[in-house]
Student: 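The structure is given below, and queries will be raised subsequently.
Within every chain, numbering begins at 1; the chains are lettered A, B, ... in the order of the sequence lines, protein sequences first and strands thereafter. If you're wondering where the values come from, they're calculated on a predicted model, not measured in any experiment.
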Amino acid sequence: MATERYNPRASEPKWQKAWDDAKLFETKNDDPRPKYYVLEMFPYPSGRIHIGHTRNYTMGDVVARYKRAKGFNVLHPMGWDAFGMPAENAAMQNKVHPKDWTYQNIATMRAQLKVMGLSIDWSREFATCDVDYYHRQQMLFLDMAAKGLVTRKSSKVNWDPEDMTVLANEQVIDGRGWRSGALVEQRELTQWFFKITDCAQDLLDSLDGLNEWPEKVRIMQQNWIGRSEGLLIRWPLSADTAPAGETELEVYTTRPDTIFGASFMAISADHPLAKKAAENRPELAAFMEDVRRMGTSVAALETAEKKGMDTGIRVVHPFDPSWTLPVYVANFVLMDYGTGAIFGCPSGDQRDLDFANKYGLPVVPVVMPEGGDAKTFQVTEEAYTDDGVMINSRFLDGMKPKEAFNDVASRLEQISTGNRPMGERKVQFRLRDWGISRQRYWGCPIPMIHCQECGVVPVPKADLPVKLPDDIDFDKPGNPLDRHPTWRHVKCPNCGKDGRRETDTMDTFVDSSWYFARFTAPWENEPTDPKAANEWLPVDQYIGGIEHAILHLLYSRFFTRAMRDTGHVGIAEPFKGLFTQGMVVHETYRAGSGQNGRWVGPSEVTFDESDGKRSAKLIETGEPVEIGALEKMSKSKKNVVSPEDITDGYGADTARWFMLSDSPPERDVEWTDDGAAGAHRFVQRVWRQVSIAGETLAGVAPAASADGAAGAVSKAAHKALKAVGEDIEKLAFNRGIARIYELVNNVAGPLGEIGEGKGDDALKAAARQATEILVHLLAPFMPHLAEECWATLGGKDLVSDRAWPTFDPALVVDNEIVYPVQINGKKRADLTIARDADQVTVEKAALALEAVQKALDGKSPRKVIVVPQRIVNVVA
RNA sequence: GCGGACGUGGCGAAACUGGUAGACGCAAGGGACUUAAAAUCCCUCAGCCUCGGCUAUGCGGGUUCGAUCCCCGCCGUCCGCACCA
């Protein structure tokens with residue numbers, strides 16, 4: 001019979017409406033079935049959804065639909081991470097209000113997402129810039145402040161003196177503001193912090209329990225928290241060189257064992273001692289100013305060439321009063337870590353060695369490899385950082401570094417300088433407190449009031465929300481909240497006198513640190529409904545980009561603990577399972593050359609191929625175009641593909657299928673037109689096969705067979721059913737898809753025969769069951785096509801509401817298996833034998849094979865290895 | 001600079017716990033059907049030669065009966081580095 005081509009443009013909206021009408025994806029909190037919470041990291045409403053977003057959401061959707069079919073009450077919500085700088089940038093550039101810009105983008109992007117047919121509970125949707133949401137965030141902030149989890153302290157920011165604004169690290173380019181081009185200054189501001197360091201040990205220890213997280217993410221977090229056990233050492237200043245009032249320099253070190261290899265002290269440009277030393281040394285002050293120009297980012301500081309300048313100050317060695325060492329200001333020492341001062345041991349640290357070589361400082365090796373010769377062992381270009389034996393270290397000589405560490409520690413603990421011991425053991429974390437103050441408009445206002453009389457006073461909960469004023473302008477430099485004529489003026493809730501509002505808003509990471517909890521009861525007046533939150537949380541499967549491996553996930557872990565301590569949830573860890581997916585990348589195209597070069601989009605380019613070489617040119621002018629590297633899709637490189645580029649023609653199912661096939665989900669996938677066309681061919685192929693046989697099969701009762709042609713069909717279907725279920729559980733979507741391709745290949749012949757009116761009853765019954773299984777396997781990936789096929793088979797209900805089929809264990813194992821037979825590790829033959837044959841039987845049968853006989857040439861084998869169900873290896 | 005990953009045919013990849021390297025798909029080539037095209041179906045498809053082999057999982061070593069997988073050392077690419085989200 002003739003079949004029409006499948007038309008996704010007609011089918012997809014039809015089924016989406018059917019799902020909506022049945023409210024299939026609206027989740028009830030009081031549903032008694034076991035719960036499953038799947039969540040994809042919510043998007044920033046940048047303007048348009050691109051194909052990379054949809055890959056992420058499709059993965060979550062496959063899981064959601066599969067778990068629903070497996071009988072779970074699934075929560076699969078969506079929202080918008082809607083505060084942040086791009087809205088303010090748009091306001092400055094295009095004179096559009098951040099609020100209008102954001103909500104317009106959300107409307108556009110929501111419409112784009114709906115086309116994808118995602119099984120999302122849209123009734124729970126919210127944006128973090130909704131007053132309803134940030135109102136509750138302010139409540140949380142006040143509760144956390146009351147619990148002592150919030151603090152204020154001074155911290156550095158990048159200051160653009162021309163735009164009168166604080167710059168993000170990414171806005172500092174080569175020490176200048178990205179917009180103004182002015183040299184960036186550093187300013188100390190008093191800012192709000194969450195005391196995440198109070199939880200450092202717990203955040204570290206609890207990583208062990210997150211066994212459904214990728215190992216690499218746990219390692220990254222572990223390193224980020226950076227626990228170290230070391231020693232504080234107080235080096236007395238040589239009196240004749242010390243600035244007035246200064247007597248010692250406190251350094252933190254994890255290698256006190258190398259103390260006899262010390263050849264200099266290095267302190268941060270922000271260290272108080274450096275500032276004092278610079279007071280009457282202009283060249284030092286200038287150098288320090290230079291260092292500060294690098295910005296506040298650690299990466300910039302550490303990538304820069306190592307530089308330093310002698311302060312003229314000298315310290316005295318703790319174990320030798322006659323030994324003094326110079327104190328340098330160095331650009332690679334950070335005030336934020338430890339004490340902002342280190343002692344440099346060039347032989348044991350590459351950075352110190354480079355520094356010493358540059359400034360002609362001594363290099364004394366103090367650790368050498370076991371069995372080395374202390375007299376000749378030298379360090380010149382490469383520091384020795386491994387374990388070994390102490391040398392050139394007086395009373396430490398011959399010890400292992402670890403013993404030396406303890407020896408130095410206990411000796412220094414006994415000596416005192418000032419009123420304190422010269423050495424003190426200390427556990428140090430690299431993790432710093434979480435600075436949440438942003439001097440920006442488009443964020444959640446920090447609900448605090450500054451009063452001359454009473455100091456900093458929290459806004460009473462009854463007075464919440466502190467709403468952002470709408471009447472603002474971005475024409476002048478600086479923070480619009482600061483400039484607003486009335487907003488900041490407020491009575492002190494304590495004494496009633498004039499006070500002023502805090503004009504800092506919160507880091508947008510705060511917004512995303514609890515949205516997953518809000519989804520469990522977004523209608524609540526309190527931030528959460530603890531009962532609902534405790535039932536749903538932790539999120540069973542969280543899916544998002546690897547770029548969030550540290551900050552977002554660590555902050556969320558901290559915030560969940562803070563919410564627990566303030567009674568809003570009962571758990572500490574928000575995400576049980578974590579999956580980090582790869583990006584969608586695309587070729588880049590560049591027209592023109594040198595200064596006139598410009599990026600052009602895929603839709604502006606046409607391709608030629610000759611002698612296997614692809615070349616490209618502009619469609620409009622024929623100008624040649626250079627085909628560039630695969631890159632993450634970005635507006636600036638113009639290599640963005642929108643979902644509707646595919647959905648308009650091929651439909652959402654094709655887009656969903658393509659994005660999950662081929663590449664493993666954790667890896668990047670390259671978007672190609674050929675790949676999308678191939679995926680669409682498969683959509684049509686499935687439709688053709690099912691509809692050819694559909695008329696006949698609609699009236700057939702499904703039944704499996706064990707033998708013959710029908711048996712082969714049943715076995716293929718049940719094997720695929722088992723494998724695809726397992727693959728989805730493991731999020732191995734690409735493998736599941738390959739299994740579905742195999743199944744379709746396997747049933748193509750029988751379905752064709754049935755379409756021509758051939759085939760016996762057993763085959764028809766097996767084919768009917770296999771097709772049902774196929775439709776259910778397809779449903780998580782291509783839900784619209786699955787519904788259409790199901791209707792063709794005579795189904796009256798929705799596949800999206802049907803249970804996952806169960807496989808018959810008897811049909812997924814073969815009675816005979818094929819052993820590869822190796823001779824000396826190389827495959828020479830196959831051996832087909834009963835599955836339950838014992839090792840001796842297998843060995844005998846293998847040795848009887850012609851190829852094995854030939855190889856042995858009459859001799860007996862030295863060894864025969866039989867791995868049951870796997871392989872035979874004959875060692876000749 | 002520090003931390004983390006990744007590297008397999010022309011391309012995306014698969015290979016379970018150390019057990020047949022290349023499943024499945026894309027591209028390419030050939031054929032069938034067609035007046036023709038599209039669509040569809042069938043076949044070939046890592047490389048090399050002497051058609052029986054040999055060489056192949058970024059490069060160089062090691063462990064093992066057997067290594068894409070484990071260990072050591074290189075090379076290359078990507079991600080994060082605290083105010084981008």
Side-chain angles (χ1 to χ4, degrees), chain A residues 5 41 43-44 46 81 83-86 155 157-158 166-172 191 214-217 219-220 222-224 226 296-306 332 336 350-351 354 430-440 507-509 512 545-552 554-555 580 582-583 585 609 612 629 632 658 661-664 666-670 672 674-675 677-679 681-682 684-685 688 726 732 734-735 737-742 745 748 752 818-830 862-865 867 869-876:
Chain A
R5 281 175 70 77
M41 291 179 185
Y44 178 79
S46 55
D81 188 12
F83 276 135
M85 291 204 307
S155 148
V157 294
N158 302 308
V166 176
L167 296 176
N169 285 331
E170 68 160 14
Q171 297 174 321
V172 180
Q191 311 209 61
E215 182 71 19
K216 62 175 170 182
V217 175
I219 291 171
M220 280 192 245
Q222 193 179 315
N223 290 332
W224 187 260
T296 56
S297 103
V298 177
L301 283 176
E302 296 206 347
T303 325
E305 192 197 347
K306 309 287 167 282
F332 58 88
D336 288 319
Q350 192 60 43
R351 214 160 41 172
D354 294 343
R430 206 186 73 103
L431 181 68
R432 310 202 295 256
D433 274 334
W434 175 10
I436 60 157
S437 281
R438 297 292 181 271
Q439 294 69 38
R440 302 188 197 288
D507 177 10
T508 56
F509 272 122
S512 55
I546 185 70
E547 66 273 21
H548 294 294
I550 297 174
L551 291 180
H552 163 59
L554 193 62
Y555 289 153
T580 55
M583 295 177 297
V585 296
E609 187 157 347
K632 179 178 176 173
F658 173 73
S661 48
D662 293 357
S663 280
E666 68 276 12
R667 221 180 281 181
D668 291 351
V669 64
E670 184 196 353
T672 62
D674 281 339
R681 271 202 299 276
F682 180 71
Q684 294 296 350
R685 184 166 174 228
R688 207 180 315 118
E726 288 168 357
N734 56 321
R735 284 195 307 209
I737 282 176
R739 297 289 88 80
I740 294 175
Y741 271 115
E742 265 174 348
N745 291 341
V818 179
Y819 278 90
V821 178
Q822 297 182 330
I823 295 164
N824 295 330
K826 296 213 172 194
K827 193 203 158 193
R828 293 297 146 168
D830 283 317
R862 283 203 290 147
K863 200 172 175 185
V864 180
I865 293 150
V867 183
Q869 323 282 316
R870 279 284 159 82
I871 202 165
V872 180
N873 190 12
V874 179
V875 187

Student: Under a 3.5 Å threshold, yes or no: a donor from one side chain and an acceptor from the other, between A/Asn824 and A/Arg862?
Tutor: no

Student: Among B/rG1, B/rA85, B/rA39, which nucleotide has an atom closest to any side-chain atom of A/Glu547?
Tutor: B/rA85

Student: All N/O contacts under 3.5 Å from nucleotides 49-51 of chain B to the protein, with atom names and distances to one decimal?
Tutor:
none

Student: Could you pull out all residues at least two apart from A/Asn169 that satisfy side-chain hydrogen bond (donor to acceptor under 3.5 Å, both in side chains)?
Tutor: A/Asn158, A/Thr296

Student: Select one nucleotide: of B/rC83, B/rA82, B/rC84, the one nearest the side-chain heavy atoms of A/Val157.
Tutor: B/rC83

Student: Is a donor-acceptor contact shorter than 3.5 angstrom present between the side chain of A/Gln869 and the base of B/rC16?
Tutor: no

Student: What distance, rounded to whole Å, do you find between the two C1' atoms, one in B/rC83 and one in B/rG76?
Tutor: 33 Å

Student: Write down the distance separating the P atoms in B/rU68 and B/rG22, rounded off to the nearest Å.
Tutor: 12 Å

Student: With C1' as the reference atom in both, quote the distance from B/rG18 to B/rC33 in angstrom, rounded to an integer.
Tutor: 50 Å

Student: Contact class for A/His552 vs. all strands (heavy atom < 4.0 Å): base, sugar-phosphate, or nothing?
Tutor: nothing

Student: In the 5'-to-3' direction, what one-character label does each nucleotide of nucleotides 19-26 of chain B receive under the scheme B = base within less than 4.0 Å of a protein heavy atom, S = sugar-phosphate only, - = no such atom?
Tutor: BB--BSSS

Student: Using a cut-off of under 3.5 Å, enumerate the N/O to N/O pairs linking the protein to nucleotides 69-72 of chain B.
Tutor:
none

Student: Dump every N/O contact between nucleotides 5-11 of chain B and the protein below 3.5 Å, one line per pair.
Tutor:
from	atom 1	to	atom 2	distance (Å)
B/rG7	OP1	A/Arg667	NH2	3.4

Student: RNA chain B in dot-bracket, Watson-Crick or G-U pairs under 3.5 Å, [ ] crossing, | other strand?
Tutor: (((((((..(((......[....))).(((((.......))))).((((..))))..(((((..]....))))))))))))....

Student: Looking only at N and O atoms, is any donor in the side chain of A/Gln439 or the base of B/rC83 less than 3.5 Å from an acceptor on the other one?
Tutor: yes

